[in-house]
A.B. asks: 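Before I ask anything, let me first share the structure, which is written out below as structure tokens.
The structure presented is a predicted model; accordingly, all values stated were derived computationally and were not measured. Values below: all heavy atoms of this structure, side chains included; hydrogens, waters and symmetry mates excluded.
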Amino acid sequence: MTPVHFVFSSGFMLGLAGLAFHRTHLLSALLCLEGMMLSLFIALSLWTLEFNSTNFASSPMILLAFSACEASAGLALLVATARTHGTDRLQSLSLLQC
């Protein structure tokens with residue numbers, strides 16, 4: 001494993017660990033998801049450049065577009081939860097309440 005691959009895999013794993021173990025606020029969960037998506041985007045871009053494959057040249061851009069859609073939906077949910085519940089703490093949210 002090259003150092004570049006190690007850096008991007010460790011960045012992804014740090015985002016995953018932050019999402020799994022530090023779930024206090026919705027904003028921190030969204031930031032962990034964004035970190036994971038950015039590490040996937042950079043890794044996919046470097047993979048495309050490394051193998052000089054033109055077949056997968058549009059894959060990083062598609063992933064970046066989906067990441068932007070995910071971020072906008074997450075921020076909309078964050079604003080909606082902050083308005084209805086008054087906080088973004090995940091412990092105060094319940095699936096049984098509307």
Side-chain angles (χ1 to χ4, degrees):
M1 177 179 274
T2 64
V4 174
H5 290 114
F6 177 72
V7 166
F8 293 123
S9 6
S10 64
F12 182 81
M13 293 306 287
L14 280 174
L16 186 64
L19 186 63
F21 297 124
H22 189 65
R23 294 180 294 177
T24 56
H25 294 281
L26 183 59
L27 184 61
S28 65
L30 289 174
L31 283 174
C32 289
L33 281 174
E34 279 303 309
M36 290 169 57
M37 289 299 287
L38 285 176
S39 68
L40 282 177
F41 168 72
I42 294 173
L44 190 61
S45 299
L46 286 178
W47 179 72
T48 305
L49 288 175
E50 184 177 327
F51 291 117
N52 292 327
S53 62
T54 57
N55 296 336
F56 299 111
S58 62
S59 296
M61 295 308 290
I62 292 172
L63 181 71
L64 194 62
F66 282 130
S67 176
C69 293
E70 177 255 336
S72 65
L75 286 176
L77 285 173
L78 177 70
V79 168
T81 7
R83 284 185 181 174
T84 56
H85 295 283
T87 182
D88 69 333
R89 292 184 59 86
L90 291 177
Q91 283 83 14
S92 67
L93 302 178
S94 175
L95 291 176
L96 300 177
Q97 284 181 334
C98 290

A.B. asks: Distance check, rounded to the nearest 0.5 Å: C69 atom SG versus L64 atom CG?
C.D. replies: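 Output value for this atom pair is 10.0 Å.
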A.B. asks: With F51, which residues qualify under ring-ring contact (aromatic ring centres under 6.0 Å, His included), at least two apart?
C.D. replies: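 F51 satisfies ring-ring contact (aromatic ring centres under 6.0 Å, His included) with W47 only.
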A.B. asks: Would you say F66 and M61 are hydrophobically clustered, going by side-chain heavy atoms of ILVMFWY under 4.5 Å?
C.D. replies: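 F66 does not cluster with M61.
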A.B. asks: Looking only at atom types and distance, does a side-chain atom of T81 sit under 3.5 Å from a main-chain N or O of L77, one as donor and one as acceptor?
C.D. replies: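 A pair under 3.5 Å: yes.
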A.B. asks: Could you grab the distance from atom CG of L14 to atom OG of S9, nearest 0.5 Å is fine?
C.D. replies: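 So the gap between those two atoms works out to 10.5 Å.
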A.B. asks: Would you mind writing out the side-chain donor-acceptor pairs for residues 25-46 within the sub-3.5 Å range, not counting sequence neighbours?
C.D. replies:
residue, atom, partner, partner atom, Å
H25, ND1, D88, OD1, 2.9
S28, OG, H25, O, 2.8
S39, OG, G35, O, 3.4
S39, OG, M36, O, 2.9
S45, OG, F41, O, 2.9

